[in-house]
Amino acid sequence: MYCHKSNVSFHGLILLCFPFPWKVICVPHSNVYVKEYPAPFTKEDHKSYSHVMPLGDTFSVQRIYENEEYHKCMNEDSLMHAPEFVIKPRSHTVWEKQCVRLHCTVSGWPDPRVIWYKNNVTIDPMARPGKYKLQSSYNVHSLQIDRCDFDDTAQYRVSAMNSRGELSTFASVVVKRFKGEVDETLPMPRHGIVSEYGITFETHIVDGFGVSFGREGETMSLGAMVIISPNLARYQPEVQWYRDDVLLQPSKWCQMHWSGDKATLTLTHLNKEDEGLYTLRITTKTKYETYSAYVFVRDADAEVEGAPGAPLDVTCQDANKDYVIVTWKQPAVDGGNSILGYFVDRCEVGTTHWSQCNDTPIKFARFPVTGLVEGRSYTFRVRAVNKSGMSRPSRTSEVVAAMDPADRARMRGTSAPWTGQIIVTEEEPAEGVVPGRPKELEVAEATKNYVVLSWKPPGERGHEGIMYYVEKCVSGTDSWQRVNTEIPVKSPRYALFDLAEGKAYRFRVRCCNSAGVGEPSEATEATTVGDKLDIPSAPGRVVPTRNTATSVVVSWEASRNAKELVGYYIEASIVGSKTFEPCNNKPVKTTRFICHGLVTGESYVFRVKALNAAGLSECSQESEAIEVKAAIAVITNQPTLVPLSRVIHPLPNQPSPPLTSSGHEMSATTTPPVSSAVPASPTPPYGISILECVRDSMVLAWKQPTFIGGADITGYFVDYREVINGVPGKWHEANVKAVSDRAYRVSDLKENRKYQFQVRAANMAGVGIPSLPSETFICEEWTIAVPGPPHDLQVTEVRANTLVLLFKPPVYQGRDPVNGFYIDIKEADAEEEAWRGVNEKAISTNYMKIKILKEGETYVFRVRAQNKAGVGKASEPTEPVLAETKPGTTEIVVDIDDDGVISMNFACSNLTPDSKFVWSKNYKEITDETRITVATSGEKSKAIFNMPAEDDIGIYSCAVTHTNGESSSYTLSAEELRKLLEISHDHKFPIIPLKTELAVELQEKGRVRFWLQAEKISANGKIQYVFNDNTLSQGEKYKMNFNKDTGVIEMIMESLLQEDEGTFTFQLQDGKATNQSSLVLIGEVFKQLQKESEFMCKEWHRKQGPHFVEYLSYEVTPECCVFLKCKVGNIKKETVALWYKDGREVKGDGNLTFTEGVLNLEIAQISKKDAGVYEIVMKDDRGKDTSTLNLTEQDLMNEMFSHIAKSSTALKIQSTEEGIRLYSFVSYYNEALQVTWHHKDSAIAFTDRIKSGVVGEQLWLQITEPTEKDKGKYAIEFHDGKGGLKRTVELAGQAQWPNLVLLFSDRARVAGGLPDVVTIQELKALNLTCNISGDPVPEVVWLKNEREIVSDDHYIMKFESGKYASFTITTVNTTDSGKYSILVKNKYGTESADFTISVFSPDSKK
């Protein structure tokens, strides 16, 4: 018989115990929770029980079958179950100053741990003594809130957790005020927008927080003053805090406070996850106001010098019964050395023990953790490691439970309602069913370290749980191997390790239960082990822009073809320092970032790295240097304000507007003078036209501004307004995010309504003023058969007689697709009738070179599109173009270098700092460099053909931005390509190209190898080996080889003699092509190579016998033991190892070990006598080897002192009866350790009043009868012969000093005299007296049940001579029973004494 110990009977209910295998079902309105436990059952016990018992009835169950088989089922795992709320806390509404109690009943095994929360913040009774009381008894848990006030109105949560899971439930407390305390005409204050007030509020955020910098582990507070008018008493707006547009909730990491006029956010323990843009949002009925600033969080100092920063954003994904995937982000700081990988640690909830999940570091920022215990909860953390050491651990992940996702959902759901009855039924034994095949098996993830499989359970599984076996086989074979041979897995997920990289495998899964193992699933396709995710490519061009006196806006081109991109890290370096520091420690996903905290007047360069789970990319090229100073903003008398939504959403891969000195983006734009060297906002666009119109939308087109502000236009914003009866309405935004094209579809219009439009242009300096309103257009659907007008006409490559016209096809196609275009031309000052066609036949391309111009004449152009129905409306004409060849105009030049590389070259002498060469093929920009590689240097740009072929035939053009139309084109025809390839071949093959020049390297036994590799040489090639003009030939001294397949030519010499000093030359000949390469070995170069060769020869002979792989070294442990160690190789059973100290052999005493090729000698608790010369000799019949270590006394002791100093704890202060004691603990104390105590940076001279000493491992400093002179900074310095170590503490401050010095002298005290309990008869008189001390004279307050008592005829309280306090009750009655307290306080402290009065009547006593 078994009853779970947490199933306690309440309210008169009977706790029932049943013999197994009874199933007990609990129904509502009862507080009994009985768990179902299966157990053996015999025919003797098999009786039919199926009846209903009312609560309170008793019954007996006889013939309980108790034997050994029964007790075997009583194991802990079968009894364990997750927490469950038998009784949940109820919500309460109470009056102010009343008390309220929330209570609940929880079941579960092991006993759950219960935690109470207020608005998701843990309740700490010690934080507000007397406010909260927490009690737990027999699985009944309660929270009592005393003297409720309005701030106690909140949602309260109680959470129960054990190793099987976690469950929470909620209750609300509403605190009301008594009538008359607040204006009843106004509703009670509440969160959110209060619409019923009927008042228009004006909100202003002043005295806000600026850009802030913190370090991991620190505490940071952000705050701003908020002015709300009109100022209503007790009105509270909705205050919200966001980080990177994500709403923050109160937690142990962030705390929020509203004081009535100030909003504060406190970050209690900074981590890099806390870095980001913080926004304060104040919401009232009518509007909301926001204020934002960036918070930067730097890495904490590394525990090991040179170690990397801690990883961040550790999250858990795909959690199941015994499996979870842990992901994280790589740190920005690698400590100066590449990160070798990461270690994942886990900790079971309820414990403090962290265990490492992987034995070797993994480079992928994602790792599957297996082997979890079902039902238990875990947290995870990650550490990075490089060759210098380990980083600090990351912030721990959220708690995750190892259980089936369906079980997790059921646990968080509500339990079934009670019915007031317990139903007892007999459970029929279920016959075992072999489970079916798993379904939908697939490879969820594959890297070179592991492969993750996932599948779905079978449909046929029986009533019991199922587990799985995983099998693998090498692709191309049918040899299946079971991976988890010993323990089947519970989750439908599994991670396979130790697979051979580069090999292909197939996988399948079988189900199993007590009935047997099922058939295997369908096998997966062959999967090759290796990383499927590549490291991103380096970001493109980095462009810095001035912003404020301490910040710079950095923008860059995104990494190309990057998969699963996590973000970017930006680094800055002062010009000349060659040291880069991270600007952000949390990756940003945009391609623009504001780097703060720079030094005004310094010049910086910037670079960017991209990252994904595979790792960090190479750094981008460094930006041009920029001096940090505030940008110049040119503003007219009436700036045009731009909506915030249009300022904070820049185009992808483009910079955004600059910021003001306070860190906010400028929202006023104007038209700057053309001569401004600093980028300004562009002038308005113009020429707004309609390209297409349907029932509810219209497509607009417009022309680029005449002045773009000295920086590229990043996008356009469109506004529209409705015109009713000729009266324009209010402007509305058509797009919040900028559009890059000069065409945009305005949606959500109304059919047959009239509209006007205006357009603004934006660049990195801001958003310009709007264009003039367009003509009034009617929104009605076009039904014409011919196409609409082409748009976005551009003129390029203007010469005296030719130019190239580019355009975009019409948006409206008509009834049929567009099949051609016609170009029209006329003189700029000619009449409309002067338009004439350029081409008689329609062209199919979106460009045309016009060759009929007259030099000096000005022209305009337009384009018409046609389809099967005819020719459509003409486009808007271009701006007038003067036909002339401008001075300095250059053309594209084709060049073939000595290597036969064909390239197109274009030079421009009119570059500006922002100019960029743009290469195009058939007037489409070249972005794929598989066939063409573009290289730009200074005023020249080169487009190089990688592998010239017929696919490269076309028109190539190059245009230079931010110039006066500098451009040119070159047509590569099939005939031209043939000629270029012939010339390239002639240039390429006269000389045999070499992959590597002649080089030398040393091989085994000190042999010297001279070699080179030819890039291309035929089988008829001949080689001559020459030394100092003498031809060498094959022989004993020289071994020569020529691999005609690889082009590797080598010559090997057994050793170098003195006569081998000189010049070695390899001469190559292949038909007419020749080449040679020489290597000079003379002087110090030759001597060094000869010395290395002889050394390698000796080393080879030494290693033929026992030898040292690593020579003797020593290590001092934190326990102050010394380990002498060395690593040996090529040993056998007969090999002998002998230790010597100062020439005397060290006899084996149990401290001598010899395992796995490593020799150790341990010296426990070292002292000066252990110094000396240690030697170890390895020998056998093949030879011997010796290693020596001089262990000097000073070095040895200093190493020990250094470990003792590092083990010391922080210096602490303790108040004693005699005075003040400062102390620190060390892990081990040696009498030779030298320490110095300092006061105010001076060594302390010890007296009878100030003493120091050592007790065990505690080092202390005692100050007797401290005075004001004893204030200040104290330090204890440990001497280790190096830099030493100091531990300091500050003994000062108006709050600290009284607590330490005056605490035992002038603090208010209750000296005694009061009893603990007073029992007195009714109608008697009671008088109590106690002694009071303190200087100044304390104030005395008497309390009853924590409420102050006022002296009257019934209660008489006196305080005489500043020493004696008395309390008198003239006539005691039963209402005087309760808890009484006396509270005394002065400026040095407060003290209280409690006593209880119990009043009885004579009758009750009798």
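Because the structure is a prediction, the values reported are computed rather than measured.
Rounding to the nearest 0.5 Å places CZ of Arg592 at 11.0 Å from CD1 of Ile570. The distance from the CG atom of Asn846 to the CG atom of Leu806 is 9.0 Å, given to the nearest 0.5 Å. With rounding to the nearest 0.5 Å, the separation of CG in Asn922 from OG in Ser957 is 8.5 Å. Between Gln756 atom CD and Thr776 atom OG1 the span is 4.0 Å, to the nearest 0.5 Å. Atom CD in Glu780 sits 10.0 Å away from atom NZ in Lys754 (nearest 0.5 Å). Within the model, atoms CG of Asp824 and OG of Ser875 stand 8.5 Å from one another, a figure rounded to the nearest 0.5 Å.
Under 4.0 Å is where a charged nitrogen must lie from a carboxylate oxygen, and between Lys808 and Asp792 at least one such pair does. One finds a salt bridge joining Lys703 and Glu879 here, because a Lys/Arg side-chain nitrogen approaches an Asp/Glu carboxylate oxygen to under 4.0 Å. Ionic pairing of Glu692 and Arg745 is present here: one or more N-O contacts between side-chain nitrogen and carboxylate oxygen are shorter than 4.0 angstrom.
The minimum heavy-atom distance linking Tyr568 with Thr590 is given by the pair CD1-O, 3.5 Å. Nearest heavy-atom pair across Cys958 and Ile892 is N-CD1, 4.0 Å. Counting all heavy atoms, side chain and backbone alike, Ala785 lies closest to Asn867 at O-ND2, 3.0 Å. Between Pro880 and Ala828, the closest heavy-atom pair is CB-CB, 4.0 Å. The two residues Gln813 and Val818 make their nearest non-hydrogen contact at OE1-N, 3.2 Å. The minimum heavy-atom distance linking Pro948 with Ile902 is given by the pair CG-CD1, 4.0 Å.
Side-chain atoms of Ser967 and Glu797 form no donor-acceptor pair, as typed in the model, at a separation below 3.5 Å. Inspection of the Ser968 and Glu891 side chains reveals an N or O donor paired with an N or O acceptor under 3.5 Å. For the residue pair Thr279 / Ser292, a side-chain donor-acceptor distance below 3.5 Å is found, with atom types taken as modelled.
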Practice prompt. May I have the step-by-step check of side chain to side chain donor-acceptor pair (under 3.5 Å) for Thr545 and Asn547, ending in yes or no?
Written response: CA-CA 6 Å; Thr545 308; Asn547 188 49; over 6 Å; no

Fill in: Residue pair Ser747, Ser697: steps toward the side chain to side chain donor-acceptor pair (under 3.5 Å) verdict
CA-CA 4 Å; Ser747 304; Ser697 66; 5.1 Å; no

Discussion item. Could you go through Leu805 and Ile823, starting from their C-alpha distance and side-chain angles, then the distance that decides it, and tell me whether this counts as side chain to side chain contact (heavy atoms under 4.5 Å, CB included)?
Written reply: CA-CA 9 Å; Leu805 180 66; Ile823 313 298; 3.7 Å; yes

Discussion item. Working note: Val798 + Leu853, criterion side chain to side chain contact (heavy atoms under 4.5 Å, CB included); need CA distance, chi angles, decisive distance, verdict.
Written reply: CA-CA 10 Å; Val798 180; Leu853 307 183; 5.9 Å; no

Discussion item. Working note: Glu624 + Arg541, criterion salt bridge (charged side-chain N to carboxylate O under 4.0 Å, His left out); need CA distance, chi angles, decisive distance, verdict.
Written reply: CA-CA 10 Å; Glu624 295 182 358; Arg541 182 187 178 201; 5.3 Å; no

Discussion item. Between Val881 and Val860, is the side chain to side chain contact (heavy atoms under 4.5 Å, CB included) condition met? List the steps.
Written reply: CA-CA 6 Å; Val881 181; Val860 291; over 6 Å; no

Worksheet entry | Chi angles and distances behind the side chain to side chain contact (heavy atoms under 4.5 Å, CB included) call for Val960, Leu911 | CA-CA 8 Å; Val960 185; Leu911 295 179; 3.4 Å; yes

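At least one side-chain heavy atom of Tyr923 sits under 4.5 Å from a side-chain heavy atom of Tyr847. Between Asn839 and Met848, some side-chain heavy-atom pair lies under the 4.5 Å cut-off. Taking 4.5 Å as the limit, some side-chain heavy atom of Tyr744 sits within range of a side-chain heavy atom of Asn735. Contact annotation: the side chain of Phe906 never approaches that of Lys940 to less than 4.5 Å [non-hydrogen atoms, C-beta and beyond]. Put simply, the side chain of Glu827 reaches to within 4.5 Å of the side chain of Tyr859, judged on heavy atoms. Here the side chains of Lys750 and Arg695 are not in contact, with every heavy-atom distance at 4.5 Å or above. Here the side chains of Pro809 and Pro790 are not in contact, with every heavy-atom distance at 4.5 Å or above. Residues Phe717 and Val759 are not in side-chain contact: their nearest non-hydrogen atoms beyond the backbone lie 4.5 Å or more apart.
Proximity of a side-chain donor or acceptor of Thr961 to a complementary backbone N or O of Ser915 within less than 3.5 Å is not detected. The main-chain N or O of Arg281 is never found under 3.5 Å from a side-chain atom of Thr290 such that the two would form a donor-acceptor pair. Looking at Asp719, its side chain never comes within 3.5 Å of a backbone N or O of Trp731 through a donor-acceptor pair. Of the possible polar contacts, one joining the Thr889 side chain to the Lys886 backbone as a donor-acceptor pair under 3.5 Å is found. Side-chain atoms of Asp741 do not come within 3.5 Å of backbone N or O of Ala743 as any donor-acceptor pair. In this structure, the side chain of Asn612 engages the main chain of Lys563 through a donor-acceptor pair within 3.5 Å. For Thr878 (side chain) and Leu793 (main-chain N/O), no donor-acceptor pair under 3.5 Å exists by modelled atom type.
Partner of Ser555 under the side chain to side chain contact (heavy atoms under 4.5 Å, CB included) criterion, chosen from Val542, Val543, Thr591, Val608: Val543. Exactly one residue among Thr912, Asp712, Asn910 makes a side chain to side chain donor-acceptor pair (under 3.5 Å) with His962. That residue is Asp712. Of the listed residues (Phe945, Trp919, Tyr970), just one forms a ring pair (Phe, Tyr, Trp, His ring centres under 6.0 Å) with Tyr956, and that residue is Phe945. A side chain to side chain contact (heavy atoms under 4.5 Å, CB included) with Ser620 is found for one member of Ser559, Ser537, Pro539 and no other, namely Pro539.
Annotation: cation-pi geometry satisfied between Arg862 and Trp835 (NZ/CZ under 6.0 angstrom from ring centroid, within 45° of ring axis).
The aromatic ring centroids of Tyr716 and Trp702 lie less than 6.0 Å from each other.
Counted within 6.0 Å of CD on Glu975, heavy atoms from surrounding residues, nucleotides or ligands total more than 12; the atom is thus considered enclosed. The 12-atom threshold is exceeded at CD of Glu722, counting heavy atoms of other residues, nucleotides or ligands nearer than 6.0 Å. Atom NZ of Lys916 is surrounded by 12 or fewer heavy atoms from other residues, nucleotides or ligands within 6.0 Å. Under a cut-off of 6.0 angstrom, the local environment of CG in Asp245 is sparse, with at most 12 non-hydrogen atoms contributed by other residues, nucleotides or ligands. Under a cut-off of 6.0 angstrom, the local environment of CG in Leu772 is sparse, with at most 12 non-hydrogen atoms contributed by other residues, nucleotides or ligands.
Using bins of under 30°, 30° to 60° and over 60° for the plane-to-plane angle, the ring pair Tyr720/Phe757 lands in the tilted bin.
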